[in-house]
Every structure is written in structure tokens, then in C-alpha cells.
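To start, the structure itself, in C-alpha cells.
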Amino acid sequence: MQKRTAEVMNIHVNSVTFSSIFGIGDTVSTNQKSNGIAVQKEGAIFTKEENLHFQDYPIFKREANWLKQKSNTAIEITKHKDAIYVQNSQVIGVSSSSVFQVGCIDKINADSRIKHFRKLRS
Amino acid sequence: MNIEMHNWDVNVEHVKVDNIAASSVFLIGDNEEMALSSFFDTPPEAFTIGNIVPLAP
């Protein structure tokens, strides 16, 4: 597979969180998983017993439906120019099993699950 | 199925991205295979209010 190089003049990334990857250069493969429960609560006093647990919610146990069989398409790539040019790139956030890659990356495998709660005061 | 791909110039001046979240990818380069899955859940009952406060007229 003919790989191209990426030429980026300047990059600005603010935050990379929750099993995310900001990669410069080549990567072979990634395998990322992230589970999150987001609680938005009015009068934010978070006590111990109000903690929520992953095992209480089926969303974190469900099987992700990945593609069953690999596609048997023959791809023949010829590169006429060697590089990809980007002048400036600006990213505020890379979060929950995401990837910001400058360069080649062959295989990416990412799974993220987020459950939201909003609790308003009576 | 056969695919023949010819890669010529890629010149980008400026990219501004707010957020790359929930198993997403922002790639400047080549790739062979991506398997991305994301579950998101905000059920109605997740929105709880103490007791229903009547809105002022």
C-alpha cells in the first residue's frame, strides 16, 4: 500500500481525553474503549451514595454489532503526489475513544458508550 | 469488486474543528480499515425533576 506523508504547518489541540489518541506519525493499529455516565445536577453536591455504576445499565453490556465478514474488494492504489499538505489545523477537543492522527494509521477499532442524566432540584 | 485509486494533490489551507467525540476520527493521511461504534442514551426518565413545579403564568 503506497503511503503518503502528511505535512502540517501548525496544529492547535486543546484537550485529548477519555481514551483518545492524538497521533503524529504512523500508527499500525488502535483498540479503544470508553464508558461514560454524564450526570448534570442542579446544586452540584455529589454525595457518595448517589454514585451511578456501569453494571446497573444495560447500555454498557450490549454487544456492538461489528461488520461480520471482511469485504473482499481488491483495491489498487497508485499515488502520484507524495504528500498531503495542511497549513493550520485547530481542534478544541478529542474525547471518548476518538482519534486525531497526522500521518497514516492502518487499523482503528473504537467503541464508546455514554449515558446522560439530568437531575433538577425540586 | 476491484477499485483502482489514483491519489493526486491534497492541499488544505485551514481546518477548524470544535469537537471530535464518540469514536470519531479526524485523519490527515492514509488508512486501511476503521471499525467505529458508539452508543448514546438519554432516556426520557433520565430527566428527573424533584416535584413538578407549576410554571408562573
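The model shown is predicted, which means the values in this text are computed figures rather than measured ones. Letters A, B, ... are given to chains in the order of the sequence lines, protein chains preceding strands, and every chain is numbered from 1.
- Of the possible polar contacts, none joining the A/Ser112 side chain to the B/Phe39 backbone as a donor-acceptor pair under 3.5 Å is found.
- Chain A forms the most heavy-atom pairs under 4.5 Å with one residue out of B/Ser38, B/Ser37, B/Gly29, and that residue is B/Ser37.
- Looking only at side-chain heavy atoms (C-beta outward), B/Asn19 and A/Ile92 stay at 4.5 Å or farther from each other.
- In this pair, A/Phe100 and B/Phe26 present their aromatic rings parallel. The plane angle is below 30°, not in the 30 to 60° band.
- Considering OG of A/Ser96 and CD1 of B/Ile20, their distance stands at 11.0 Å, rounded to 0.5 Å.
- For A/Asp26, no part lies under 4.5 angstrom from a heavy atom of chain B.
- Contacts between A/Val39 and chain B at a heavy-atom distance below 4.5 Å are absent for every atom of the residue.
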Where do B/His14 and A/Gln87 land on the side chain to side chain contact (heavy atoms under 4.5 Å, CB included) test, with the steps shown first?
CA-CA 6 Å; B/His14 193 82; A/Gln87 222 52 41; 5.9 Å; no
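- Contact annotation: the side chain of B/Val10 approaches that of A/Arg4 to within less than 4.5 Å [non-hydrogen atoms, C-beta and beyond].
- Looking at A/Arg118 and B/Thr42, their side chains come closer than 4.5 Å, going by heavy atoms from C-beta outward.
- Side-chain atoms of B/Ser24 do not come within 3.5 Å of backbone N or O of A/Ser98 as any donor-acceptor pair.
- Residue A/Val91 is grouped with residue A/Val16 when hydrophobic side chains (ILVMFWY) are merged at heavy-atom distances under 4.5 angstrom, including chains of intermediate members.
- There is a path of hydrophobic side-chain contacts, each under 4.5 Å, that joins A/Ile84 to A/Val8.
- Highest contact tally toward chain A, considering only B/Val15, B/Val25, B/Asn11, B/Leu36, is held by B/Val15 [criterion: heavy-atom pairs under 4.5 Å].
- Connection of A/Val13 to B/Val12 is established within a shared hydrophobic cluster, with ILVMFWY side chains joined at heavy-atom distances below 4.5 Å, either directly or through further cluster members.
- Residue contact with chain B, scored on non-hydrogen atoms closer than 4.5 Å, involves the backbone and the side chain of A/Ile114 alike.
- Of the listed residues (B/Leu27, B/Asn2, B/Asp18), the one with the most heavy-atom contacts under 4.5 Å to chain A is B/Asp18.
- Remark: side-chain polar atoms of B/Asn31 are paired, donor with acceptor, to backbone N or O of A/Asp106 under 3.5 angstrom.
- Taking NZ from B/Lys16 and CG from A/Asn88, the interatomic distance works out to 11.0 Å, rounded to the nearest 0.5 Å.
- In this structure, NE2 on A/His116 lies 4.0 Å from CZ on B/Phe40, to the nearest 0.5 angstrom.
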